[in-house]
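The following block contains the structure, expressed as structure tokens.
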Amino acid sequence: MGVKREKEWEGVTGGHTLGQKALKVTFSLVDVRAGYALLVFVIPFYMLFYRKGYLAIYRYFRAHHGYSPLRSFLKTYRNHYLFGQMLLDRFAVYAGRRAFEIENPDNPLFLRMLDGPRGFILAGAHTGNPELCGYLLRQQKKRIHVLVFGGEAKEVQKNRMEALGNNNVCLIPVGDDLAHVFLISEALAKGEIVIMPCDRTFGSAKSVECDFLNGKARFPIGAFVLAVQFRVPVLAFFALKVSALRYRIHLAPIPALAGQPKRERIDGMTRCFARELERIVRRYPEQWFNFYPFWS
């Protein structure tokens with residue numbers, strides 16, 4: 001069974017409503033890269049006053065990438081800086097900016113799935129900025145349902161809905177009442193797309209221990225239980241920042257392990273996802289944004 005942690009990263013966008021509205025107005029007038037320059041001075045204070053997140057990322061670089069203490073510190077700063085950039089990128093899009101480019105070398109794979117009769121699951125993680133893709137990319141063939149944290153700030157929820165309104169994307173807030181489970185099931189039964197984060201257990205026992213970055217970590221099995229139940233394929237989905245105004249999408253199929261018992265298929269798919277996430281995180285180590293003790 002998974003052990004519930006004292007307090008995991010809650011995933012809420014920082015700042016009060018007034019500050020979030022001010023960011024939106026600001027980026028309607030100025031280039032988002034002006035905000036990047038200010039982050040250079042803001043990030044040290046953030047690292048100082050939010051030490052739990054800072055220490056979790058520092059240990060990630062030190063223990064799981066094997067960096068020296070100095071390099072781990074510098075990488076931790078870079079990690080926080082990129083996280084701040086990606087938050088500002090979202091507010092720039094909320095403000096109507098469309099200067100970002102999305103590279104999608106795996107688009108033929110996605111288009112084949114889109115043209116198929118079945119729905120499918122995009123298994124994501126807290127790496128990069130996949131949310132931005134939902135704001136900038138459009139398709140009308142299959143409706144996309146995105147699981148999001150139900151306790152997010154109201155101003156952010158409002159901006160998300162406005163940005164996604166014309167992109168055939170809807171949000172499914174995750175709450176304690178489990179209503180989201182029925183909405184996910186309905187979407188898959190109708191042949192639509194569901195995007196789920198697959199790298200946080202939140203203390204749930206419905207997880208499996210995987211080898212991950214030179215350690216043992218628990219990954220949730222929910223997405224893969226649904227994939228087996230509804231017989232739908234799964235793609236690992238990541239969107240990484242490769243330059244100031246450019247992102248790159250990475251997609252990879254998660255094998256279904258046909259012929260195996262149900263539980264073995266679920267566990268095998270979960271471990272396959274963990275390996276795919278490890279491949280991405282080794283390539284983009286500074287874009288891992290789980291700000292809490294992740295490993296067992």
Side-chain angles (χ1 to χ4, degrees), residues 5-15 32-90 100-101 103 105 124-132 197-201 209-219 236-250 252 271 273-296:
R5 298 179 177 89
E6 181 180 341
K7 186 176 183 181
E8 292 184 345
W9 174 254
E10 294 180 346
V12 181
T13 303
V32 68
R33 285 169 289 191
Y36 295 175
L38 293 177
L39 283 175
V40 172
F41 305 102
V42 172
I43 293 302
F45 292 96
Y46 190 90
M47 292 170 62
L48 180 64
F49 291 106
Y50 292 88
R51 287 188 57 79
K52 284 187 178 180
Y54 156 72
L55 290 173
I57 295 298
Y58 176 84
R59 289 167 184 150
Y60 152 73
F61 284 118
R62 186 81 177 96
H64 297 281
H65 285 283
Y67 295 156
S68 68
L70 177 59
R71 191 180 183 194
S72 295
F73 173 78
L74 294 174
K75 289 286 187 180
T76 300
Y77 177 88
R78 175 69 175 166
N79 167 271
H80 283 63
Y81 181 60
L82 283 171
F83 184 68
Q85 283 190 355
M86 294 180 202
L87 286 177
L88 296 186
D89 290 349
R90 294 179 201 170
F100 299 97
E101 297 179 20
E103 299 176 0
H126 293 84
T127 56
N129 197 2
E131 187 175 323
L132 204 74
C198 296
D199 63 338
R200 289 184 188 169
T201 66
E209 189 174 70
C210 302
D211 294 320
F212 183 67
L213 286 178
N214 305 316
K216 300 286 186 180
R218 301 201 72 87
F219 283 78
F237 164 59
F238 311 101
L240 291 307
K241 191 176 180 77
V242 293
S243 68
L245 299 178
R246 182 178 295 116
Y247 284 84
R248 179 177 295 131
I249 294 175
H250 294 268
R271 292 191 173 100
F273 172 79
R275 288 193 297 271
E276 194 60 37
L277 176 59
E278 179 175 4
R279 183 181 71 84
I280 291 296
V281 171
R282 287 193 184 279
R283 186 173 175 183
Y284 302 92
E286 297 157 345
Q287 296 192 42
W288 167 261
F289 302 126
N290 272 327
F291 296 95
Y292 64 91
F294 184 78
W295 281 262
S296 303

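Only heavy atoms go into these numbers, but all of them, side chains included; no hydrogens, no water, no symmetry mates. Counting from 1, the numbers follow the sequence of the chain as shown.
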Task: Separation between CG of Leu74 and CZ of Phe61, rounded to the nearest 0.5 Å - done: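 So the gap between those two atoms works out to 10.5 Å.
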- [ ] State, yes or no, whether a side-chain contact exists between Gln287 and Ile280 at a heavy-atom distance under 4.5 Å.
- [x]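 Gln287 does not reach Ile280 side chain to side chain.
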- [ ] Could you check if a side-chain atom of Met86 sits within less than 4.5 angstrom of a side-chain atom of Phe289, using non-hydrogen atoms only?
- [x]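 Of all side-chain heavy-atom pairs linking Phe289 with Met86, at least one is under 4.5 Å.
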Task: Under the side chain to side chain contact (heavy atoms under 4.5 Å, CB included) test, residues paired with Arg246 that sit two or more places apart - done: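 Residues passing side chain to side chain contact (heavy atoms under 4.5 Å, CB included) with Arg246: Glu101, Glu103, Val242, Ser243.
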- [ ] Taking the six-membered ring for Trp and the full ring for Phe, Tyr or His, determine whether the centres of Phe291 and Phe83 are under 6.0 Å apart.
- [x]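 Ring-ring flag for Phe291/Phe83: true, centres closer than 6.0 Å.
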Task: CA sep, side-chain torsions, deciding dist, call: Lys75, His65, side-chain contact (heavy atoms from CB on, under 4.5 Å) - done: CA-CA 11 Å; Lys75 289 286 187 180; His65 285 283; over 6 Å; no
Open item on the list: Rounded to the nearest 0.5 Å, what separates atom CZ in Arg59 from atom OH in Tyr54?
Closed with: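 Rounded to the nearest 0.5 Å, the CZ-OH separation comes out at 9.5 Å.
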Open item on the list: For Tyr247 and Asp89, which I'm curious about, is there any donor-acceptor pair between the side chains at under 3.5 Å?
Closed with: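 Checked: Tyr247/Asp89 side chains pair up, N/O donor to acceptor below 3.5 Å.
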TODO: Decide if the gap between the ring center of Phe294 and the ring center of His126 is smaller than 6.0 angstrom.
DONE: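 No, ring centres 6.0 Å or more apart.
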TODO: Step through it carefully: locate the ring centre of Phe219, locate the ring centre of Phe212, and say whether they are under 6.0 Å apart.
DONE: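 Yes, the ring of Phe219 comes within the 6.0 Å limit of the ring of Phe212, centre to centre.
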Open item on the list: Among residues at least two apart in sequence or on other chains, which ones pass side chain to side chain donor-acceptor pair (under 3.5 Å) with Arg279?
Closed with: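 Side chain to side chain donor-acceptor pair (under 3.5 Å) list for Arg279, sorted by chain: Glu276.
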Task: Atom of Asp199, atom of Tyr292 and distance for their closest heavy-atom approach - done: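 Scanning both residues, the minimum pair turns out to be O-OH, 3.9 Å.
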Task: Pairwise distance CG(Leu240) to CG(Asn129) - rounded to 0.5 angstrom - done: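 Rounded to the nearest 0.5 Å, the CG-CG separation comes out at 10.0 Å.
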Task: Under 3.5 Å: donor-acceptor pair, side chain of Lys241, backbone of Ala244 - done: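 Yes: the side chain of Lys241 pairs with the backbone of Ala244.
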- [ ] List the atom of Arg248, the atom of Pro105, and the distance in Å for their closest heavy-atom pair.
- [x]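 Smallest heavy-atom distance, with atoms named: CG-CD, 4.0 Å.
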- [ ] Verify, without hydrogens or angle tests, whether Tyr284 (side chain) and Thr127 (backbone) share a donor-acceptor contact under 3.5 angstrom.
- [x]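 It does not hold such a pair.
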Open item on the list: Just verifying a value: how many Å separate Tyr67 OH and Thr76 OG1, rounded to the nearest 0.5 Å?
Closed with: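 Those atoms lie 10.5 Å apart.
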Open item on the list: I need the minimum non-hydrogen distance between Pro130 and Ala239, along with the two atoms involved.
Closed with: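 Heavy-atom minimum between the residues: CA-CB, 3.7 Å.
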Open item on the list: If I take atom CD from residue Glu286 and atom CG from residue Leu82, how far apart are they, to the nearest 0.5 angstrom?
Closed with: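 Here the rounded value is 6.0 Å.
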Task: Backbone N/O of Val40 and side chain of Tyr77: donor-acceptor pair under 3.5 Å - done: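 Indeed, once roles are kept as given, a pair shorter than 3.5 Å links the two residues.
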Open item on the list: To check you understand the geometry: which heavy-atom pair defines the closest contact between Tyr58 and Ser72, and what is its length?
Closed with: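 Of all heavy-atom pairs spanning Tyr58 and Ser72, the closest is CE1-CB, 3.5 Å.
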Open item on the list: Please report the interatomic distance CZ(Arg62) to CG(Leu70), rounded to the nearest 0.5 Å.
Closed with: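 Going from CZ on Arg62 over to CG on Leu70, the span is 10.5 Å.
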Task: Distance-minimising heavy-atom pair for Phe273 and Ala236 - done: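 Distance-wise, the nearest heavy atoms are CD1-CB, 4.1 Å.
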- [ ] Could you label the plane-to-plane angle of the Trp288 and Trp295 rings as parallel, tilted or perpendicular, counting under 30° as parallel and over 60° as perpendicular?
- [x]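 Plane angle between 30° and 60°, so tilted.
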Task: Under 3.5 Å donor-acceptor, Tyr60 side chain and Pro285 backbone - done: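 Indeed, once roles are kept as given, a pair shorter than 3.5 Å links the two residues.
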Open item on the list: Any non-hydrogen side-chain atom of Leu213 less than 4.5 Å from a side-chain atom of Arg282?
Closed with: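 Yes - at least one pair of side-chain heavy atoms lies under 4.5 Å apart.
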